[in-house]
Amino acid sequence: MADFETREMPRDDSQEREEAAVEAAMDVAALVADDLPDAAELTFEEKLAELNRTVMRHPLNREILYKTLAFCAEERPLREAEDFIAALPQFERATQNQFYMLMSLVRSYGLDMIERDEDGNRVLPEQKEGLSEDEVDDLVAEISFKSTDVGDWFVDYNKPSARLVDLLHLVPERTDTYIELLEFVEAAPRPYGQIEELLLGRPALQTVIDGRVETMQPSVFVDKLERAGALVWKEGWTLTEEGREFLEDLKVNGQA
C-alpha cells in the first residue's frame with residue numbers, strides 16, 4: 001500500500017488478517033512445490049489417487065474438502081473461500097483450519113492457487129525469478145483458488161446423490177431402513193438417542209461376520225449416511241441440502 005508523506009492509510013483488522021494470510025499462503029506454496037512431484041510428471045489417475053487420499057484421510061473433514069472443491073469450480077479469493085468453509089455446519093467439528101485445508105487441496109492437485117497483482121493480472125512463476133521475498137510480496141496482491149480438472153472430476157464422481165444411490169443399493173435389505181432414517185431426521189433434528197431408539201431391534205442391524213451373526217450399532221447407519229453427504233450434525237442429526245433433495249426425489253418416484 002502506498003504511503004502519503006510517510007503516513008500509512010488506515011486499515012481495519014480484517015485487512016491485516018487477509019494480508020497475513022496471503023503471506024502465509026506464499027510461504028506454504030513454496031513447501032507445496034517441493035512436497036510432491038510436479039503435476040506435469042504425474043498421470044491424471046495418479047493425481048486423482050493423491051486427491052482421494054487427502055479428502056478421505058480425516059473423516060471429520062471429508063465433506064468440507066468435497067464442498068470446497070465444488071465451491072471453487074469458479075475462481076474464489078482466499079477470504080471468500082475461507083468464509084465459505086467457516087460457514088459450513090461440518091466445520092464445527094473440523095480438525096484443521098480453513099487455510100490448511102485449502103493448501104492440502106492444492107498440494108494434492110485438486111486446487112490451483114492463483115496469484116494476482118494489483119491490476120488483477122496473474123503473476124507467473126517467471127515473473128518472480130530473481131526477486132527478493134519483499135519484492136514478491138509487493139508483486140502479489142491477491143491469492144485465489146480454482147479447482148483443477150482433477151478436482152472437477154472428483155466432485156462430479158462423488159456427488160452426494162451418487163454416493164447415496166450406491167449406499168442404498170449396497171445391501172438392498174437395508175434400503176428401507178436408510179429411507180426411514182432420512183424421513184425421521186427430516187421432521188426435526190434428532191439426538192443420537194432418538195435414532196438409537198428408532199432402530200434398535202431392527203433386522204437390518206444384523207450382519208454376518210466370519211460365519212457368526214452380529215448386531216451392528218445404529219450409529220453405523222448414521223455414519224454411512226453422513227459419509228454419503230446426507231446427514232450433518234447441527235444441534236442434532238439433520239438432513240443436508242443434498243440429503244433433502246435426494247429424499248424428495250425418492251418421494252416423487254414413489255420410493256419413499
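Nothing fancy with the numbering, it's 1 onward along the sequence. The structure displayed is predicted, hence computed values, not measured ones.
- Between Lys251 and Glu186, at least one side-chain nitrogen of the basic residue sits less than 4.0 Å from a carboxylate oxygen of the acidic one, meeting the salt-bridge criterion.
- Under the 4.0 Å criterion applied to side-chain N and carboxylate O atoms, Glu75 and Arg116 are assigned as salt-bridge partners.
- Closest approach of Leu102 to Thr68, counting heavy atoms only: CD2-CG2, 3.7 Å.
- A salt bridge does not link Lys159 to Glu245: none of the charged nitrogens lies less than 4.0 Å from a carboxylate oxygen.
- Atom CD of Gln206 has more than 12 neighbouring heavy atoms from other residues, nucleotides or ligands inside a 6.0 Å radius.
- A donor atom on one side chain and an acceptor atom on the other are not found under 3.5 Å apart for Thr148 and Asp112.
- Heavy-atom neighbours of Tyr192 OH from other residues, nucleotides or ligands within 6.0 Å: above the threshold of 12.
- For the pair Tyr109 (side chain) and Leu48 (backbone), a donor-acceptor distance under 3.5 Å is absent.
- In plain terms, the two heavy atoms of Leu164 and Ala228 that are nearest each other are CD2-CB, 3.7 Å.
- For Ala94 against Asn61, the heavy-atom pair with the smallest separation is CA-OD1, 3.4 Å.
- A salt bridge links Glu242 and Lys67; the closest N-O separation between the charged side-chain nitrogens and carboxylate oxygens is under 4.0 Å.
- Other residues, nucleotides and ligands contribute more than 12 heavy atoms inside 6.0 Å of the CD atom of Glu214.
- Relative to the six-membered ring of Phe84, Arg76 misses at least one condition, a distance below 6.0 Å or an angle of at most 45° to the axis.
- Taking 4.0 Å as the cut-off between side-chain N and carboxylate O, Glu241 and Arg244 do not count as a salt-bridged pair.
- Using a cutoff of 4.0 Å between basic side-chain nitrogens and carboxylate oxygens, Arg107 and Glu50 are scored as salt-bridged.
- Here the shortest heavy-atom pairing between Lys234 and Pro89 reads CD-CB, 4.2 Å.
- The two residues Met216 and Thr207 have their closest heavy-atom pair at CG-CG2, 3.8 Å.
- Listed for the Arg202 side chain is no donor-acceptor partner under 3.5 Å among the backbone atoms of Thr177.
- Using a 30° and 60° split on the angle between ring planes, Tyr157 and Trp153 fall in the parallel class, below 30°.
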